[in-house]
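Below is one structure; the comments refer to it alone.
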Amino acid sequence: MKEYDHKSIEKKWQQRWADDELYKTPESPENPHYILDMFPYPSGSGLHVGHVEGYTGTDVYSRFQRMQGKDVLHPMGWDAFGLPAENYAIKTGVHPREKTDESIATFKEQINRLGLSYDWDREIDTSRGDYYRWTQWLFTQLFAHDLAEKKPAKVNWCPGCQTVLANEQVVDGACDRCDSHVVQKEMNQWFFRITDYADELVDDLENLDWPESTKQSQRNWIGRQEGARFTFAVNGGGTDPKSSSSEDDRAGLEVFTTRPDTLFGVTFMAVAPEHELVASLLENQESGIKNHDEVEKYVEEAEAKTDRQRQENKEKTGVQLDGVTAVHPATGDEIPIYVADYVLAGYGTGAIMAVPAHDKRDHAFAEKYDIDIKVVVIDNEIAKASDRSEGIEGTTTDSLSGKKPKEIFTDKGVIIHPDTFNGLSSDEGGEIITEKFGQKETTYRLRDWSVGRQRLWGCPIPVVYDPDGKAHAVPEEHLPWTLPDDVPFEPTGEAPLEKSAELKKRTEDIFGEGWTPETSTLDTFVDSSWYFLRFTDPHNDTTFADEKVIQDWCPVDTYVGGAEHSVMHLLYARFITKALADMNHIEFREPFISLHHQGMIMAEDGTKMSKSKENVVNPNRVVDQVGADTLRMYELFAGPFGDEVDWNTDAIAGPRRFLEKVWRLAHQQEENIKDTATPVDDHVLHQTVKAVTKSVADFRFNTAISSLMELVNDLQDRETVSADVLGILLRLLAPFAPHITEELWQKLGEEGSVHLQDWPTYDEEATREAEVNIAIQVNGTVRGEMVVSQDAGEASIISQAKEHDNVSNWLEDKAINREIYVENRLVNFVTD
RNA sequence: GGGCCAGUGGUGGAACCGGUAUACACGCAACACUUAAAAUGUUGUGCCGAUUGGCAUGAGGGUUCGAGUCCCUCCUGGCCCACCA
């Protein structure tokens, strides 16, 4: 018997499959199934065992679907624009193009050594003109439909990367790439209006077969809040609130709240330092604000701070706007207004009605500045007037401060008597109060998507400016609007493309004197927001992808990638899909029907694998030592697909031994075939086919593998194994271990590749065993076991059970109250 | 503070609709083969007792003939979000 030599076998079949174009995507699919991995950024450090689990999962699933007769689209490509290559260029002077191509070559070689069944004819590279031409086309479409716009905005500026960052890229006030402290800067920026789709992006999550945690992350990110808007008139500064002139912001201070039921508990207002009311009070000489300088100083200090610095300061701070008051819309009470930096300018209206009795932050502020606290809700009911001084103990206020409110609710100047709401639930009261004094409002945490980057290694924004400074999309015939080649790498603070003479000249040549190019590039999330469409028709040079071909394959049936993309990438791709649907380019509104996350592979010590800790496992090394088939099985067997697992070199022995057993089994079989006609009617076999089929369909690869191990353990104990049975084993195993199964399949003398065979089927009837072992319980505790035949009736089984030696001892002198029989499982006798 | 998830042998984990908890694998031990080792094979392996018993799925309650699974309270850990009104 030959030894199992994984090296020669894997090399041989990888070559053969490539020559035979075994994984070519069918042209006109009748039974399409689109299985997609999140395509990687080809980093310089190469593929990492963490990638392997995800890619192997989709590979197993793709092979399984093909064997079940599906036409499978399973492509791979490169999310190739990005900062690391540019930073590497700055450091070494090597052009990002060169470095990127090198990295891609490394990745591809590593992927191919794993025996993954990608159709490489469909490879895409987002940094190539034939791809980004259509990214630019997408931009011009959004621009034409008012979904892309340039607007002045305070943006996150990373001094380290010399660029603008999206909110999503700022982690705890620091750049998520270089960790520099992010500062705020006012700039003109390109945005995609994702907020137009906020409601649909929330509502459509309902119908997606995605992990609940991922849907929840998206909901949290979008942050839809139902609540109410109230307008508080502003008094003071010599302006009569009732004669509000339209351009005077002080006529009404608008607030958003999710707790309209607490309206009668408002004792002060707080506005963000950036709020326009503050600015107008400070600017207007006659505003009558008495502490002008103090307020100005506070605002200046607050604006110098980043959000992070404001958060770090746990103590709430603020300054009262002296001489100005707000008028309560229900009671007419005059209420003090404060500027306070705990109020966020970017959320809601940038101003709040403060209810210190029912909000922790407001409470802390009120305590500090000695402001009234009015309890208006007790135990989720609008408090009765008499309760507003009594019964406070043990309520929210009590738990907040241990203090009694300083002033009890007053009905001075009440328009509608607040007692009208007594005893209503918080929700009911809130609704009525909203109706009478304000209006319903929904607000979102989601901001528009800032897509401009002052970087070199990205897709150029296809926009030029006429001599008046008006933006025009570059017409389609000039796409791709190529990335110029004459740009120095070193960052200077201005956009790298600013320094390109080539780009300037090109713009003037085409559009005329005085025209200038846009010099920022697109966020790489734009590149990856539509790539799944391009895979359906990657070589099309007249459109981004033929509409009919897209319709053939899309939406993606099965999408797999890391949970770290739960928000950004997945949200952006959903938005672009909806926008393209609204522009009538595609006919579906969700890109990914079903989604799975692969778990992270941690280092042996349970920490993240990282280059600096030198604990990264290179898949090539493992493939050399034990083979790709073993590595694939090891990673899928280590635990549930979505769970994080620690790499464990010792445990690789299990799958390797298993494959060696299969190897020996096949060879022994070859040497002493006694009965090739043994019918395939064995219940173990049928049970295995059933279990593996179900497990793979559910992405439960670890249990699929253990079922296969059980089958092999069983076959090993038999004197002979027929070719039929071996053939079934090999087909079940083929998706997991494509090389060894192909080798053994050929050895069996079968026609064609094992990967082109039909998936084995099972007969439900045949999975049943003639005799089953059932448990006998007395009062729920197992007291014995017995073997019964499948056709024995309930009555006979129960009487047999009573005869059981041990059980009869337990039943002696007891009256049986109930007899419970569960088919194929157990009998339970319930006694007194 | 909010959201989501998890806690089962020495280890990774299995247990589908509430029905014999610990499948499968790693590790460990003994034995066989061997001059020896490796490899392979066989047997054993939750804990306490040693006889047919008792106790075990983070802790404590509950529902049930029966709970790892369902409900309540709590503890621990992880991930994401967070001065979002």
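Each chain gets a letter, A, B and so on, in the order its sequence line appears, and its residues count up from 1. These numbers come from the heavy atoms of this one structure, side chains and all, not from hydrogens, waters or symmetry mates.
- Among the heavy atoms of the strands lying under 4.0 Å from N773(A) is at least one base atom, whether or not backbone atoms are also near.
- N824(A) has no side-chain polar atom (N or O) that falls below the 4.0 Å cut-off from OP1 or OP2 of G19(B).
- Taking only side-chain atoms of Q716(A), from C-beta outward, the nucleotide of C26(B), C65(B), G41(B) with the closest atom is G41(B).
- For the C1' atoms, the distance linking C71(B) with U63(B) amounts to 7 Å, nearest Å.
- Look at D5(A) and K7(A) and you find no salt bridge, because none of the NZ, NE, NH1 or NH2 atoms lies under 4.0 Å from a carboxylate O.
- To the nearest whole angstrom, the two P atoms, one in C26(B) and one in G13(B), are 16 Å apart.
- The distance between atom CD of Q225(A) and atom P of G2(B), rounded to the nearest whole Å, is 14 Å.
- Each of W221(A), F525(A), W449(A) was evaluated against M568(A); a single residue qualifies, F525(A), per the side-chain contact (heavy atoms from CB on, under 4.5 Å) test.
- Nucleotide C79(B) is matched to G3(B) when pairs are restricted to Watson-Crick or G-U wobble geometry with both distances under 3.5 angstrom.
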If you apply the rule side-chain contact (heavy atoms from CB on, under 4.5 Å), what do you find for F232(A) with M353(A), and how did you get there? CA-CA 9 Å; F232(A) 287 66; M353(A) 55 176 234; 4.0 Å; yes
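- Ion pair R632(A)/E53(A) not flagged as a salt bridge, since none of the NZ, NE, NH1 or NH2 atoms sits closer than 4.0 Å to an Asp/Glu carboxylate oxygen.
- The partner of C28(B), taking Watson-Crick or G-U wobble pairs whose two distances both stay under 3.5 Å, is G44(B).
- We find that CZ of R700(A) is positioned 10 Å from C1' of A15(B), with the value rounded to whole Å.
- Closest to the side chain of N702(A), from the set G12(B), G13(B), C81(B), is G13(B).
- Comparing the same atom, C1', in C65(B) and in G18(B) gives a spacing of 12 Å after rounding to whole Å.
- Close to A85(B), at under 4.0 Å from its OP1 or OP2, lies a side-chain N or O of Y347(A).
- Here the nucleotide nearest the side chain of M709(A), chosen from C24(B), C81(B), U20(B), is C24(B).
- In a base pair of the Watson-Crick type (N1 to N3 plus N6-O4 or O6-N4) or a G-U wobble (N1-O2 and O6-N3), with each distance short of 3.5 Å, A37(B) is matched with no nucleotide.
- Annotated as anti: G78(B), whose O4'-C1'-N torsion sits more than 90° from 0.
- Between the CG atom of L636(A) and the P atom of G13(B) there is a distance of 14 Å, given to the nearest Å.
- Under the Watson-Crick or G-U wobble criterion, with both distances below 3.5 Å, U57(B) is left unpaired in every strand shown.
- For V782(A), the listed nucleotide lying nearest its side chain is A21(B); candidates were A85(B), C65(B), A21(B).
- The distance between atom CG of N828(A) and atom P of A67(B), rounded to the nearest whole Å, is 10 Å.
- One atom, CG of N648(A), and another, P of A25(B), lie 16 Å apart when rounded to the nearest Å.
- In this structure, K316(A) satisfies the cation-pi test against Y342(A), with its NZ or CZ atom closer than 6.0 Å to the six-membered ring centre and inside 45 degrees of the ring normal.
- Comparing R445(A) and G780(A) along RNA chain B, the residue whose closest nucleotide (by nearest heavy atom) sits nearer the 5' end is G780(A).
- One C1' atom belongs to A38(B), the other to U57(B), and the distance between them is 39 Å to the nearest Å.
- The CD atom of E785(A) sits 14 Å away from the C1' atom of U52(B) (whole-angstrom rounding).
- D763(A) and R768(A) are not joined by a salt bridge, as no carboxylate oxygen comes within less than 4.0 angstrom of a charged side-chain nitrogen.
- Here A14(B) presents its P atom at 7 Å from CG of D643(A), a figure rounded to the nearest Å.
- No donor-acceptor contact under 3.5 angstrom links the side chains of T630(A) and H6(A), judged on distance only.
- In this structure, the nucleotide among G19(B), G41(B), C24(B) sitting nearest to the side chain of R664(A) is G41(B).
- In C17(B) the O4'-C1'-N dihedral to the base is within 90° of 0, which defines a syn nucleotide.
- As judged by a 4.0 angstrom heavy-atom cut-off over every strand, V255(A) is placed among residues making no nucleic acid contact.
- The side chain of V830(A) sits closest to C65(B) out of C65(B), U20(B), C24(B).
- Distance from the side chain of D717(A) is smallest to U42(B) among U52(B), U20(B), U42(B).
- Within the 4.0 angstrom heavy-atom criterion, base atoms lie near S706(A).
- In this model, the phosphate group of A85(B) is not approached by any side-chain N or O of R259(A) to a distance below 4.0 Å at OP1 or OP2.
- The nucleotide C65(B) finds its pairing partner in G19(B), both defining distances of the Watson-Crick or G-U wobble pair being shorter than 3.5 Å.
- Residue-level contact check: P211(A) touches neither bases nor backbone, having no heavy atom under 4.0 Å from any strand.
- With a 3.5 Å ceiling on both atom-pair distances, U52(B) lacks any Watson-Crick or G-U wobble partner.
- Remark: G9(B) base-pairs with no nucleotide; criterion is Watson-Crick or G-U wobble with both hydrogen-bond distances under 3.5 Å.
- Ion pairing between E764(A) and K690(A) holds under the 4.0 Å rule for side-chain N and carboxylate O.
- Taking atom P on both nucleotides, U69(B) is separated from G77(B) by 22 Å, rounded to a whole Å.
- Applying the 3.5 Å distance criterion, the base of C81(B) shares no donor-acceptor pair with the side chain of N220(A).
- G7(B) and G12(B) have their C1' atoms separated by 15 Å, given to the nearest Å.
- Side-chain N/O atoms of R783(A) include one lying less than 4.0 angstrom from OP1 or OP2 on G54(B).
- Ion pairing between a basic and an acidic side chain is recognised when a charged N comes within 4.0 Å of a carboxylate O; D714(A) and R718(A) show such pairing.
- Comparing U8(B) with G78(B), their P atoms sit 15 Å apart, to the nearest whole Å.
- Dashed line: the shortest gap from a side-chain N or O of W810(A) to OP1 or OP2 of G53(B) is under 4.0 Å.
- Each of Q216(A) and P655(A) was assigned the nucleotide of RNA chain B with the nearest heavy atom; the assignment lying further toward the 5' end belongs to Q216(A).
- The side chain of T703(A) lies closest to A14(B) when the candidates are C81(B), C83(B), A14(B).
- The distance from atom CD of E564(A) to atom P of C81(B) is 12 Å, rounded to the nearest whole Å.
- Scanning both residues, V202(A) and R219(A), for their nearest heavy atoms gives CG1-CG, 4.4 Å.
- Between R657(A) and C26(B) there is a side-chain N or O to OP1 or OP2 distance below 4.0 Å.
- Of all nucleotides listed (C24(B), U52(B), A21(B)), C24(B) comes nearest to the side chain of F637(A).
- Looking at the side chain of N806(A), the nearest of the listed nucleotides U52(B), C83(B), A14(B) is U52(B).
- Across the P atoms, G10(B) and A59(B) are found 14 Å apart, a figure rounded to whole Å.
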